[in-house]
Amino acid sequence: CLTRLRQHISEDVLTVAVVNAPAGCSPEALARSAALLPELQRHPGTLVVPRLPPGQQIPARQGVGLARKIGSDLALALIARGKVRNPWIYQTDADAVLPANYFTQPLPESGACVFSHSHHSSDRQLQYAADLYDQHMNYYVAGLRFAGSSYAYPTLGSTISIHARTYAEVRGYPRRNAAEDFYLLNKAAKVVGVAHLSGVNVKVQARLSHRVPFGTGPALAEICCRLRSQPSGASYLSYNPRSFHLLKAALTYLQRFAGRPLQPDPAVAGLLEKLGFAALHAGLHQRYSRVAQRQRVLREWFDAFKQLRFIHEARALHPDQPLLQTLSSHPFNTPEAK
């Protein structure tokens, strides 16, 4: 990855490489990480941070979140001290292939950005599983966008770029073994915003993995298992489009509720109740006198995590249905299934 990366950047770009293997990983995984060290150390402009045994191994429960935090915190410190002039901290992984326009894409003045991505594999079945998974994730983002969500962006750690000021404001990456990218962007979206830059496409290696409890690796493993019994992929389920219509209704209701107290549609009320809206609803208009204040509080409360929970809870009303069937009707202008 670093060799390919260096083809597209000048020598004055600093690369911080956190070479790690979490506690409890396999001897093979540990050996692969250790073998990277001498190769990386030969690259000019590369600051290598080894977090390998003995004594430096990352705790399993802090996993990739801590690895990303170490590298990004170091970059932040160098920017704060004037050692690095560019305030943007780019994030990627060893299994990603960065395009030629990765560093030339114009970025906003602050906040965070996510580049588009696609998963690739030389294995035919794994590639089809990756296509299904990418379409599922793209469909989810399109559904959020249709609903009017301000959290409508993909989340993948190897596609993120974040401004140093924003990174400091949200206190960096959480020390989590999974979803660290999701929670970083969730915080950034509340502070400034997250831009989805579709003009850059990062190619990510599709890999089966059970190292983390959820995420791309486990999802691909599950899809491959389904494909062995039904190669067409027709049994792969995703969210019902009507769930996003409910989300749109909920967001519209919250926008209106910020102006004056009113009751939502019963279906929306039931789903918001499950998210704990009653506690916020009770005294919102008494605590905040201005509409703009109430809008901000409601937007931050009904964040990316709660909207994901909302869609999951909506399954009780509108069960998941086959993804390929859903995409064939082009909901929310999502691309046709491959």
Side-chain angles (χ1 to χ4, degrees), residues 108-112 114 137-155 162 165-166 169-171 174 176 179 181-196 238-321 326 329 331-334:
E109 293 184 1
S110 61
V114 290
M137 297 307 296
N138 291 338
Y139 164 61
Y140 178 69
V141 173
L144 292 180
R145 190 178 300 117
F146 160 80
S149 171
S150 55
Y151 300 92
Y153 47 77
T155 56
I162 187 167
R165 182 171 60 251
T166 304
E169 287 176 335
V170 301
R171 300 184 180 182
R176 298 174 56 97
D181 43 7
F182 178 92
Y183 285 103
L184 176 81
L185 293 175
N186 191 32
K187 292 187 292 183
K190 297 177 183 181
V191 172
V192 181
V194 176
H196 181 195
S238 187
Y239 309 116
N240 193 305
R242 286 179 290 181
S243 296
F244 292 102
H245 285 271
L246 281 176
L247 178 61
K248 183 180 181 69
L251 288 166
T252 300
Y253 161 72
L254 292 176
Q255 180 72 16
R256 293 173 178 171
F257 179 74
R260 61 183 179 85
L262 71 163
Q263 292 299 316
D265 172 86
V268 170
L271 292 170
L272 291 177
E273 179 69 23
K274 291 183 178 181
L275 303 181
F277 180 61
L280 183 66
H281 177 283
L284 183 69
H285 286 263
Q286 288 71 36
R287 289 193 298 270
Y288 302 97
S289 59
R290 296 171 53 196
V291 172
Q293 290 176 313
R294 296 193 289 267
Q295 288 175 335
R296 177 184 57 79
V297 170
L298 289 167
R299 177 180 174 274
E300 292 185 359
W301 175 80
F302 199 39
D303 61 5
F305 178 63
K306 283 194 173 64
Q307 290 183 26
L308 177 60
R309 284 186 57 198
F310 183 97
I311 295 297
H312 283 200
E313 294 289 352
R315 287 167 158 165
L317 302 174
H318 303 301
D320 289 353
Q321 62 184 38
T326 300
S329 63
F332 323 131
N333 295 318
T334 52

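Contact of the Tyr151 side chain with the Leu308 side chain is not registered, since no non-hydrogen atoms from C-beta on lie closer than 4.5 Å. Counting only heavy atoms from C-beta outward, the side chains of Tyr253 and Asp265 never approach each other to under 4.5 Å. Side-chain atoms of Arg287 and Leu280, non-hydrogen and from C-beta on, do get closer than 4.5 Å to each other. The side-chain heavy atoms of Asp181 and Val114, taken from C-beta on, include no pair separated by under 4.5 Å. In this structure, Phe305 and Tyr183 have side chains that are in contact, with non-hydrogen atoms separated by less than 4.5 Å. Considering only heavy atoms from C-beta on, His318 stays 4.5 Å or farther from Phe244 through its side chain.
Between the CG atom in Leu262 and the CZ atom in Arg256 there is a gap of 8.0 Å [rounded to 0.5 Å]. Between Phe277 atom CZ and Leu284 atom CG the span is 7.5 Å, to the nearest 0.5 Å. Interatomic distance, OG of Ser243 versus CZ of Phe310, reported as 8.0 Å (0.5 Å rounding). Here the CZ-CD distance, from Arg165 to Glu109, works out to 8.5 Å after rounding to the nearest 0.5 Å. Atom CD of Gln307 and atom CG of Leu275 lie 10.0 Å apart (nearest 0.5 Å). For the atom pair NE2 of His196 and CG of Leu185, the computed distance is 11.0 Å after rounding to the nearest 0.5 Å.
Summarising the geometry of Leu251 relative to Ala147, their closest heavy-atom pair is CD1-O, 3.3 Å, with the distance given to 0.1 Å. Closest approach of Leu144 and Ala152 over heavy atoms only: CB-CB, 3.8 Å. What you find for Ile162 and Ala112 is that their closest heavy atoms are CG1-CB, 4.0 Å. Counting all heavy atoms, side chain and backbone alike, Gln321 lies closest to Pro241 at NE2-CD, 3.6 Å. Scanning all heavy atoms of the two residues, the minimum distance from Tyr153 to Ala304 falls at OH-CB, 4.3 Å. Heavy atoms only, all atoms of each residue included: Val268 and Leu246 are closest at CG2-O, 3.9 Å.
Between Tyr239 and Tyr140, the ring planes lie tilted relative to each other; the angle falls in the 30° to 60° range.
Proximity of a side-chain donor or acceptor of Tyr139 to a complementary backbone N or O of Ser238 within less than 3.5 Å is not detected. No donor-acceptor pair under 3.5 Å is formed between the side chain of Gln295 and the backbone N or O of Gln255. Side-chain N or O atoms of Arg294 include one that pairs as donor or acceptor with a backbone N or O of Tyr288 at under 3.5 Å. Side-chain N or O atoms of Arg145 include none that pairs as donor or acceptor with a backbone N or O of Phe332 at under 3.5 Å.
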Please lay out, stage by stage, how Glu169 and Val192 fare under the test side-chain contact (heavy atoms from CB on, under 4.5 Å).
-> CA-CA 10 Å; Glu169 287 176 335; Val192 181; 4.2 Å; yes
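In the displayed structure, Arg315 atom CZ is contacted under 6.0 Å by more than 12 heavy atoms of other residues, nucleotides or ligands.
Aromatic rings of His285 and Phe257 (six-membered ring for Trp) have centroids within the 6.0 Å cut-off, being under it.
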